[in-house]
Amino acid sequence: MGAADTYSAAREQMIRLIEQDVRETSIYLEKSALDERILKSLGEVPRHQFVPADVRSRAYDNRPLPIGYGQTISQPYIVAIMTDLIAPRAEHKALEIGTGSGYQAAVLSRLVEKVYTMEIVEPLGKQATERLKRLGFDNIEVSIADGYYGWKEHAPFDIIIVTAAASHIPPPLIEQLKPGGKMIIPVGSRFMTQQLLLVDKNAEKEITVRQILPVRFVPLTGEH
């Protein structure tokens, strides 16, 4: 069996594990199955291309993996539910805070019109830019900057996904979320329980926040 076939089978197994985790956490998610479009994207994006060579054999394990500079690529189940909960649509413009290796942006890019993604760690941002370009993800734009303040020139965004834990929901991100939009963000400190929060902004710009489930993310860094 060739390498491509091996990874294809591994991706299929990863999808099965995600589906199992979703069923087991359905009480928190308020659903027992994810949007098939999201599972399709996860089944097509080559996760092994987004992890360092020394952990490539574990690329499709349902767990986070180190990517250098104290950062991680999120567990596939977490990528799946965060993507599902913000309900991406083909016409959407998305903002991601915390590019990392570029994997979450790649998954999202197959579901929306445009992804803007921000990474504060310069070497990771440069690597992700090169990687996404090389792999043909041409509807993603990367900025090496502090994501706490969002990307004002491209706002407002239909959906926002934050892949690092903040101590609070950044006001600039709430401001840059389009009325009718959704944001998913982990909130809490590194050494205490973090909660994954789903933020909704209605047509009148009123904000509602729903607590989803406890999570563990690296902290959102910057000067804020």
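Computed from heavy atoms alone, side chains included, the values below leave out hydrogens, waters and symmetry copies. Here the structure is a predicted model, which is why all the values come from computation and not from measurement.
- Residue pairs meeting the ring-ring contact (aromatic ring centres under 6.0 Å, His included) criterion with at least one member in residues 83-109, sequence neighbours excluded, are Phe50-Tyr103.
- With Thr117 contributing its side chain and Ile97 its backbone, the two residues share no donor-acceptor pair below 3.5 Å.
- With Tyr116 as the aromatic partner, Lys114 meets the cation-pi criteria of under 6.0 angstrom to the ring centre and within 45 degrees of the ring axis.
- Within 6.0 Å of atom CD in Glu44, more than 12 heavy atoms from other residues, nucleotides or ligands are found, so the atom counts as buried in its surroundings.
- Contact check for Arg58 versus Leu65: side-chain heavy atoms found under the 4.5 Å cut-off.
- The closest side-chain heavy-atom distance from Met14 to Arg47 is below 4.5 Å.
- Contact of the Ile161 side chain with the Leu95 side chain is not registered, since no non-hydrogen atoms from C-beta on lie closer than 4.5 Å.
- Electrostatic pairing of Glu130 and Arg134 counts as a salt bridge here, judged by a charged N lying under 4.0 Å from a carboxylate O.
- Here CG of Leu124 is found 8.5 Å from CZ of Arg131. Values are rounded to the nearest 0.5 Å.
- Note that the CD1 atom of Ile78 and the CZ atom of Arg63 stand 14.5 Å from one another [nearest 0.5 Å].
- A 4.5 Å side-chain heavy-atom check between Arg37 and Ser41 finds every atom pair outside the cut-off.
- Side-chain contact between Ile67 and Pro52 is present, with heavy atoms from C-beta onward closer than 4.5 Å.
- Remark: the backbone N or O of Val162 is not paired with any side-chain donor or acceptor of Glu96 at under 3.5 angstrom.
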For side chain to side chain contact (heavy atoms under 4.5 Å, CB included), just list the numbers for Ile144 and Ile120, CA-CA rounded to whole Å, side-chain angles, deciding distance to a tenth of an Å, and then say yes or no. CA-CA 5 Å; Ile144 298 170; Ile120 198 170; over 6 Å; no
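- Of the possible donor and acceptor atoms, one in the side chain of Asn202 sits under 3.5 Å from a partner among the backbone N and O of Glu204.
- Taking the six-membered ring for Trp and thresholds of 30 and 60 degrees, His48 and Tyr7 have nearly parallel ring planes, at less than 30 degrees apart.
- For the residue pair Gln104/Thr83, the side-chain donor-acceptor check at 3.5 Å is satisfied.
- The existence of a salt bridge linking Lys93 and Asp158 is excluded, since no basic side-chain nitrogen approaches an acidic carboxylate oxygen closer than 4.0 Å.
- Salt bridge status for Lys31 with Asp84: present, with a side-chain N to carboxylate O gap under 4.0 Å.
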